[in-house]
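Below is one structure, written out as structure tokens; the observations come after it.
No hydrogens, no waters, no symmetry mates; every other heavy atom, side chains included, goes into these values. Throughout, protein chains are lettered first and strands after them, A, B, ... in sequence-line order, and every chain is numbered starting at 1. Here the structure is a predicted model, which is why all the values come from computation and not from measurement.
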Amino acid sequence: MAKDTNSNQYQDQFYKQKHKEEMKYQVITFAMMIAFTIIAFGLVAGPFSKLFVVPVILVLAGVQVLFQLYYFMHMNQKGHEMPAIMIYSGIFAAVLTILALTTITWI
Amino acid sequence: MSTHEDVLSSENLPHEPEKATLEGKNKFLGFWFFLGGETVLFASLFGTYLALRNSFGNAEGTPTQELFGLELVFIMTVILLTSSLTSVYAMYHMKNHDFKKMMVWLAITVILGASFLGLEVYEFNHYVHEYGHTFTSHAFGSAFYALVGFHGAHVAFGLCWILALMFRNAKRGLNLYNAPKFYIASLYWHFIDVVWVFIFTVVYLMGKVG
Amino acid sequence: MSTATLEKRGFGATLWDYLTTVDHKKIAILYLLGGAFFFLLGGLEAMLIRLQLMVPDNELIGAQFYNEVMTMHGTTMIFLAAMPLIFAFMNAVVPLQIGARDVAFPFLNSLGFWLFLFGGVLLNCSWFLGGAPDAGWTGYAPLSIWSPTHGVDFYAVGLQISGFGTLMGGINFIVTIVNMRAPGMTYMRMPLFTWTAFVASILILFAFPALTIGLFLMTFDRLFGANFFVPDMGGNEIIWEHIFWIFGHPEVYILVLPAFGIFSEIISTFSKKRLFGYSSMVFATVLIAFLGFMVWAHHMFTVGMGPIANSIFAIATMAIAVPTGIKIFNWLLTMWGGNIRMTTPMLWAAGFIPTFTIGGMTGVMVAVAAADFQYHDTYFVVAHFHYVIVGGVVFGLIAATHYWWPIMFGKVLDEKLGKWTFWTFFIGFHLTFFIQHFLGLIGMPRRYWKFLPGQDLETGNFISTIGALLMAVGTIILLYNVIKTTVKGEMCSQDPWDGRTLEWSIPNPTPHYNFKQLPLVRGLDPVWIEKTQGNGKVIPAEPVNDIHMPNNSFLPFMISLGLFIAGFGFIYRPDTSFGYVLIAIGLIITFGSMLIRSLKDDTGHHIHKEDLEKEGAGVE
């Protein structure tokens, strides 16, 4: 840890600026998530066919989750390689599980 | 490795205090891995729900199209999404070592989370009393309450966790020992939101469409 | 604290030390003791099964008791014997192999052990409380849902508790291996046991949550009136089978991959050769794990999933034979031209290769969906999975016991007795299970209480029982060996096998902090590199400095105890309102302990530089 107060000050300022920048993206992300949610609810409330609505709202949900993971949970930053591997492995197992339970359980 | 630093001191915090110590790094990674496992946990519940959706057997029951209303779910969704943003704000202030503002935003997060939970309780109560839609009435009911209830239990646990951290550290300020704890609690809170995004899409919206 | 100072302390102090320990070496010993206890219990159950089936139309034990014994044999062996024994060696060896002073989460590590133990004890309490679970270790609905006694409740709650422990252990090891490797220990320099422990932990992470949910659903159905598996109320029994096997199949690889790792270490050490095809071994391990997640439905070919699903899962299953084959050939080629020493661990490794190959071959046979309709639920399947689980996992665990006993207890097990163990157990094993292939092909169904005379099943079953008795003799010799070595054995040198990996560079007994200075790793098989290219001592990567260690804690024990008590409450809640009291007491203990944990600052302690220098000599 750098104990040199002088350089620390500049560093602090730099990081503060950086965090502010990041925060701006977070707010934009949030606005988009709210927009997606409104679109999804609107599609369901509106007079659209089921075959159109279901895939679209699933894609919207997927994008929202990526927003959460990459922006809110900072997976876009460095040092998140292992978390990414584990989350995607989890999603892989999750998809297989849901696929099996919705297709081959005698429904 | 700097073993001599006092992890309980609030002075001279480094950039990214949540990952400055080995313990912090371990917690950070371990919790992400745990969330990877939670993905499968909820997938099993989602799969069960999808397999048993609108499945009543010989019992009487209300199908999803009639049961669900969109207004309340929309409000709940917005509340939970907002609480996700407020916990981002809390972490933003943590990174700037501003403990007070972090606590304020965490408090807002807790209030939003609690109101979400309150609405959920109201919703369940409504289903039970208006539609006789209970955990034991048919397989659909069991699957519905198992999935949404598991999520609700996660919310409740998250609330207790964040509250415990807040009370615990109110007087001591931010340090290298508790920064990772705040950070993973916020990760957990975001994950709850991730799960909810799928719940409102798969359970409520797809249920409404049929 | 070295074991030498431990012996001087009283029994009470030692007991308290083990109850509160967060040291991975002591937790390894606890896991070994717990696992061995349940292994003997499961073995006893196996003996009862074989004695009942020794002669046709036998009345030695009753039908209901047979069902309980058969269920508990499977459940105990998989969850309470094999898993903890794997964890014992992972705890004992992985931190040493990667050059770490402890695991990433010492507190969770101890919590994982106590949860396993209390879960296992809860499950076995059922024997004395109205009957053990009797629905088979797979607990298929509707049998498990309608089973009238509390047995299956004990199954659901007991496995739930010990499953939490396993999940924690898994996460702990992934983080340890990712974050705490010594300088120079890159991923592709990790010993193969560490690699397999790593991959198995990842499998635990993704497989156990499915079991958690499955057991929750079963508990809800049995104790809280839910209808997940009740077709009359819209439920679906196949969901249980899917969820169980989504967990259950990866579980097989969770057990066998570390066994592969153990044999890789042993074969390389006793052939005095670098492991042949190290990188292909790593690749095969990861590939097996990946494929292992996509094959679970081969347990369900006869359920009626349809020809398309059956074909997909059949082909995915057969594909696993490829990476497994890579491993078999790599082991053979490691031995090829090596300077082989036939010590006890090496004997087990040599016995493992043909045995496991037979198991793998019958595995491909049952993977053929069409043929599986003939094999399904016969003794052919019983023979198959005992060839892979005993031939792979149990052989591996016994080999590891002999190989790493010096690491865990500082002494070498008697070689002569070790060889006796091997030959009796090995011959007994093949006598027991080889004949069962043919019993199955003749048509003997599995899980049946008795068979009838005059159906050509007498000779085979009799031979099988004789073999089982021989395996029991082998186990008793091993036990005698352990006792004899513990009482009379002498402390050995730090490197009795002429080892290749970092665990053999540590003085005997292993110091509390493992490495006084973290080692600098210069390649695969670091100790061997130093032996051949350096002065035989591992180069330190840091000066002697204060060492940070975690504090002991009694809370893991209390948290687990609380869940144990609450477990009884949940089981008896439908019968008596006293159940609610037990639930309340248990959960207060558990959550209270968790609260204490989070309210107390526990930053660990330091071992000071000066003390380390005083202990000095002999440690590099």
Please work out which of the three classes, parallel, tilted or perpendicular, describes the rings of B/Trp196 and B/Tyr204, given edges at 30° and 60°.
-> tilted
Parallel, tilted or perpendicular: which fits the ring planes of C/His242 and C/Trp296, with parallel below 30° and perpendicular above 60°?
-> perpendicular
Against chain C, work out which of B/Leu29, B/Asn26, B/Leu165, B/Thr48 has the most heavy-atom pairs shorter than 4.5 Å and name it.
-> B/Asn26
For C/Ile239, is it the side chain, the backbone, both, or neither that has a heavy atom closer than 4.5 Å to a heavy atom of chain B?
-> side chain
Checking heavy atoms, do the side chain of B/Phe56, its backbone, both or neither come under 4.5 Å from chain C?
-> backbone
Is NZ or CZ of B/Lys208 both nearer than 6.0 Å to the six-membered ring centre of B/Phe68 and within 45° of the ring axis?
-> no
Check whether B/Phe31 gets within reach of chain C through its side chain, its backbone, both or neither, counting any heavy atom under 4.5 Å.
-> neither
Under 4.5 Å from any heavy atom of chain B - which part of C/Met168 = neither
Most contacts with chain C, counted as non-hydrogen pairs under 4.5 angstrom, among B/Ala59, B/Gly47, B/Gly30 = B/Gly30
According to the interplanar angle, ranging from 0 to 90°, do the rings of B/Phe140 and B/His138 count as parallel (below 30°), tilted (30 to 60°) or perpendicular (above 60°)?
-> parallel
Go through the atoms of C/Ile243 and report whether side chain, backbone, both or neither lie under 4.5 Å from a heavy atom of chain B.
-> side chain
Have a look at C/His24 and tell me which of C/Asn91, C/Asn109, C/Asn514 forms a side-chain hydrogen bond (donor to acceptor under 3.5 Å, both in side chains) with it.
-> C/Asn514
For C/Ile202, is it the side chain, the backbone, both or neither that has a heavy atom under 4.5 Å from a heavy atom of chain B?
-> neither
Rounded to the nearest 0.5 Å, what separation is found between the CD1 atom of C/Ile547 and the NE2 atom of C/His512?
-> 9.0 Å
Is the closest basic N to carboxylate O distance between C/Arg101 and C/Asp23 below 4.0 Å?
-> no
Any idea which of C/Phe220, C/Phe229, C/Phe105 has the most non-hydrogen atom pairs under 4.5 angstrom with chain B?
-> C/Phe105
Interface moiety of C/Phe216 toward chain B, non-hydrogen atoms closer than 4.5 Å = side chain
Contact origin within B/Ser137 toward chain C - heavy atom pairs under 4.5 Å | backbone
Chain B heavy atoms under 4.5 Å from C/Phe208: which part of the residue, side chain, backbone, both or neither?
-> neither
Any side-chain heavy atom of C/Leu108 within less than 4.5 Å of one from C/Ile171?
-> no
